[in-house]
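Side chains included, hydrogens not; waters and symmetry mates left out as well; all remaining heavy atoms used. All figures in this text were calculated on a predicted structure; none of them were measured in a lab. Proteins come first, then strands; the chains are lettered A, B, ... in the order of their sequence lines, and each starts at number 1.
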2 protein chains.
Amino acid sequence: MLRYLERAGLVVPRRAQSGYRLYGIRELNQLRSLAELRQVFGVEIGELAFALRLRREPALRAAVDTWLAGTDAVDGLPAPGWVEWEQRKHERLLAA
Amino acid sequence: MLRYLERAGLVVPRRAQSGYRLYGIRELNQLRSLAELRQVFGVEIGELAFALRLRREPALRAAVDTWLAGTDAVDGLPAPGWVEWEQRKHERLLAA
DNA sequence: GCAACCTTAGCACGATCGTGTCAAGCTTGA
DNA sequence: TCAAGCTTGACACGATCGTGCTAAGGTTGC
């Protein structure tokens, strides 16, 4: 389990010269609050790792933000007839 | 596949009275850029859904931000001896 | 009215997740 | 030196992901 979290980059302990993992209070706190996050919000490990990626890769963050902006941008609009019409047309073309 | 994305809350088309899904240009754009996100950045569907959750649930966002702040906060510190010692002690106690 | 298309529900199936356990070897402390 | 404890690598195993397909039935357009 600890090695799994380490591979995910979430809780990475220091190493002694011998290679032993050194879990300090910092890591213990991370482990405790991670368990809380999972229990309270149902956050998966991969999801938290993704949030970490978002924070470390600005390009990814920008791309995701852009995508999400397009998602909930104009949500309450009534469907204009032409959209429905366009939709039919595109559906036909979607065979490709 | 489309129904899967819909259940994930990522691409949710309007519905006709009959129940038919109405995919307009907006949804087609979402689908296209979603495919690009996945291909370019290796983003999984669940991960994007999580980013959406982050944007919609402020409490979750705050909790995750706090956790991440603790993760990469003081990363370059040399290990003080007492941390190593504490680590031993806590390890003994971790049998519980 | 009928063919073509949509709906949901459900099963299948390989891939990955999350976790545990076992084997073989290196480290450490008394 | 020797037992206890750590390391990595590997396998196992249920659960979920991502995707496709089929079945049974409603909608639509000609």
Contact string for nucleotides 7-24 of chain C, one letter per nucleotide 5' to 3', B = base within protein heavy-atom range under 4.0 Å, S = sugar-phosphate only, - = neither, reads SBB-------SBB-B---
Contacts of B:Ser33 meeting side-chain hydrogen bond (donor to acceptor under 3.5 Å, both in side chains) (sequence neighbours excluded), chain-then-number -> A:Trp67
CG (B:Leu28) and CD1 (B:Ile25) are apart, to the nearest 0.5 Å, by 8.0 Å
The side-chain contact (heavy atoms from CB on, under 4.5 Å) partners of B:Ala49 (sequence neighbours excluded) come to B:Leu10
For residues 37-46 of chain B, the side chain to side chain donor-acceptor pair (under 3.5 Å) pairs (sequence neighbours left out) are none
For B:Arg55, the salt bridge (Lys or Arg N to Asp or Glu O under 4.0 Å) test, sequence neighbours excluded, returns A:Asp65
Between its two end axes (five pairs each) the helix from C:dG1-D:dC30 to C:dA30-D:dT1 turns, nearest 10 degrees, through 30°
Quick note, salt bridge (charged side-chain N to carboxylate O under 4.0 Å, His left out) partners involving residues 1-13 of chain A, not counting sequence neighbours, are A:Glu6-A:Arg15, A:Glu6-A:Arg21
Salt bridge (charged side-chain N to carboxylate O under 4.0 Å, His left out) pairs touching residues 45-54 of chain A, sequence neighbours excluded, are A:Arg53-A:Glu57
Taken in chain and number order and not counting sequence neighbours, the residues that satisfy side-chain hydrogen bond (donor to acceptor under 3.5 Å, both in side chains) with A:Arg32 are A:Asn29
Taken to the nearest whole Å, CG/B:Leu2 to C1'/D:dG18 is 13 Å
Taken to the nearest whole Å, CG/B:Leu48 to C1'/D:dG18 is 15 Å
